[in-house]
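Encoded as structure tokens, the structure appears first; notes follow it.
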2 protein chains.
Amino acid sequence: MRYLTSVRYIDAVARIGSIRGAAATLAITSTALNRRILAIEEELGVPIFERLPRGVRLNSAGELLIHYIRHQLSDLERVKSQIADLSGVRRGHVAIACSQALLPYFLPRQIAAYRSEHPQVTFGVHLRDRADAEVALVDHAADLAIVFEPVRLADVHTLLRAPQPVCAVVGERHRLADRAMLRLGECLSHPIALPTQHYGVRHLLEVAVQGTALRLEPAIESDSFEFLRHCVLAESMLTFQIPIGLPEDDDLGRARRIPLDPRDVPAGVLYMGQLKGRVLPVAAARFAGQLSSALASRYEVS
Amino acid sequence: MRYLTSVRYIDAVARIGSIRGAAATLAITSTALNRRILAIEEELGVPIFERLPRGVRLNSAGELLIHYIRHQLSDLERVKSQIADLSGVRRGHVAIACSQALLPYFLPRQIAAYRSEHPQVTFGVHLRDRADAEVALVDHAADLAIVFEPVRLADVHTLLRAPQPVCAVVGERHRLADRAMLRLGECLSHPIALPTQHYGVRHLLEVAVQGTALRLEPAIESDSFEFLRHCVLAESMLTFQIPIGLPEDDDLGRARRIPLDPRDVPAGVLYMGQLKGRVLPVAAARFAGQLSSALASRYEVS
DNA sequence: ATCTATGATGCAAAAAATGCAGCAGATCTC
DNA sequence: GAGATCTGCTGCATTTTTTGCATCATAGAT
């Protein structure tokens, strides 16, 4: 939509933080960009950027404006996809901000399933921690956020809550490999590999050992779930993860997953949310619907 | 905001129903306007107007787009007034669609009061019946609607309900002029002047006489409340009106207002509403607040 | 003190929007 | 049924706007 170039430019400058920098990524001259911004400020009667020696930054008027602009831009996308719907083709783009656990199995399959129905729809998947996922929603950089045990923020509207019991993951030759359920104490008497502090699984475990005689003494600590999973295969270790981050039972290969006794470690909750008050593009709304039923059928939903 | 000219043009064409007609009111050539529309349709990949022999009309894609456009335009007004607020001055415009009863006394005074605080704020007051007032909200032609006993529509969010007991209005020399309250039967034994069928007051009276032996036999019928008020002074008649359409007691001049017994005629309700889901411009929101407290103090609020 | 970023500006070239005159088509009027 | 009168649309010349180049002034980084 050509008539929105100016506001797109403003958005770019606000994100990048300098006119020349934004001009480069927008493939135009800094002159042209600078002049457009001056023109907008002229019409508005107020500057929207404060000029710093190293670039520009939105002032408070600019903050108000950029919210309007981003809303406007993403609403246009929605309207365009609604219009495309009228003519039969479902087009569109779905931007997702989510935590690491969704990346290896769950999302790729869900996206593949959706795209087999609607090949015209494109996807963007961005790894974000809980706080950043919510920021992405507010900035309209993401349509959907899927995070584990989030700090709840005022701007997010929860679409779905899916309980995720913490599971122990072991190699098939591990001494605990054939158990149906495990107490936390049993696990901690073996060498363990844990995700770092700010992950939800780790947080749940920390809370669980608090006030008990148990200690979390990880032999290996990593911020990569994938790395942790491979550790339990390479060495006879044990790690913890939530079901959605693991392949289905029939596809686990040489690994085994065993739920922890809920008396020891309460189930965490996986949240899917969108920006409060926003009307999602058709594609994003439908995809969210698909995820909801997928999660509802795999795990019980509250 | 210059960058929105194209969408403003589309809005005008949609409202007026022809390109040449819209071009005339916009003070540009039909050529320029026509080309802008063709350009937008080109970018969108879909026509938004269907060409009729007598002009143009939005097609379904256009309907989707025009909603977006009007939202966008009125949101911009809100953002601009928020920005103006930052620099101290309160500016803005409040557009009101309301029924006749509000016009003579209530709104002029409230607007005067508001403007004495914020002289930069301008007002538009448009007489609309209940249905049209709601259409005006949906079209973003009005920020606030104030109507009596409305048919409730899905797109309207009620900001305030103010009960309005129906009052009889008589000249000071009328035989009933000194009564504190009147039964409907007493009134109908005198010559009466009534508003026409589709007004709320008339509707309440019609409902009241149904199933009784009473009959509404107006000597005079008019769609002008002002005319009716003057009738009771010129001739010894009696008419009915709601308090908000009447001057305060100390300013009634040669007229008297006497509430009807609520056993005969239930109080009607005056509604103030806005478009559901819309964030009002600062000025409109503040003015709505002022009206709320004014109505709450004059009449009890439910 | 020098260097290297930044945003702003004068001027000429390029691009886009506008206006005029005129076309084709459909309805309305008589 | 023929003409009048609307409608939206298009080719071409003109005007307005936008862009790019070269350059300046400023302020932090080196």
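Within every chain, numbering begins at 1; the chains are lettered A, B, ... in the order of the sequence lines, protein sequences first and strands thereafter.
- As a whole-Å value, the separation of A:L26 CG from D:dT18 P is 17 Å.
- Among all heavy-atom pairs drawn from A:E41 and A:I48, the shortest one is OE2-N, 2.8 Å.
- Although no hydrogens or angles enter the test, the distance criterion places a donor-acceptor pair under 3.5 Å between the side chain of B:Q100 and the main chain of B:D223.
- Between B:R35 atom CZ and D:dC9 atom C1' the separation is 9 Å, expressed in whole Å.
- Taking the six-membered ring for Trp and thresholds of 30 and 60 degrees, A:F225 and A:Y199 have ring planes inclined between 30 and 60 degrees apart.
- Atom-to-atom, CG of A:L58 to P of C:dG7 comes out at 13 Å; the value is rounded to the nearest Å.
- Of the candidate nucleotides D:dC9, C:dT18, C:dT9, C:dT9 has the atom lying nearest to any side-chain atom of A:N34.
- With hydrogens and angles disregarded, a donor-acceptor distance shorter than 3.5 Å links the side chain of B:D143 to the backbone of B:A95.
- Here D:dT18 presents its P atom at 14 Å from CD1 of A:I37, a figure rounded to the nearest Å.
- Here C:dT9 presents its P atom at 15 Å from CG of A:L33, a figure rounded to the nearest Å.
- Put simply, CZ on B:R57 is 16 Å from P on D:dT7, counting in whole angstrom units.
- Among the nucleotides C:dG19, D:dG20, C:dA8, the one closest to any side-chain atom of A:I28 is D:dG20.
- Remark: A:R51 is in phosphate contact with C:dA8, judged by side-chain N or O atoms under 4.0 Å from OP1 or OP2.
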Q: At under 4.0 Å between heavy atoms, which parts of nucleotides 21-30 of chain C does protein reach? Answer with one letter per nucleotide, 5' to 3': B base, S sugar-phosphate only, - none.
A: B----SS---
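- A:E43 places a side-chain N or O within donor-acceptor distance of the main-chain N or O of B:R2, the cut-off being under 3.5 Å.
- Using modelled atom types and a 3.5 Å distance limit, the side chains of B:Q110 and B:Y114 yield no donor-acceptor pair.
- Straight-line distance from the CZ atom of B:R36 to the P atom of D:dG8: 17 Å, rounded to whole Å.
- Going from atom CE of B:M272 over to atom CD of B:Q274 covers 9.0 Å, rounded to the nearest 0.5 Å.
- When each of A:V56 and A:R2 is assigned the nucleotide of DNA chain C with its nearest heavy atom, A:V56 is the one assigned upstream, toward the 5' end.
- Counting heavy atoms from C-beta outward, A:E206 and A:R202 have side chains that approach closer than 4.5 Å.
- Distance, B:L38 CG to C:dA17 P: 13 Å, rounded to whole Å.
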Show me the donor-acceptor pairs, under 3.5 Å and distance only, between side chains in residues 18-33 of chain A and residues at least two apart or in other chains.
unit_1, atom_1, unit_2, atom_2, d
A:S18, OG, A:G21, N, 2.8
A:T25, OG1, A:A22, O, 3.0

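- An angle of 30°, rounded to 10°, separates the two end axes of the helix from C:dA1-D:dT30 to C:dC30-D:dG1, each defined over five pairs.
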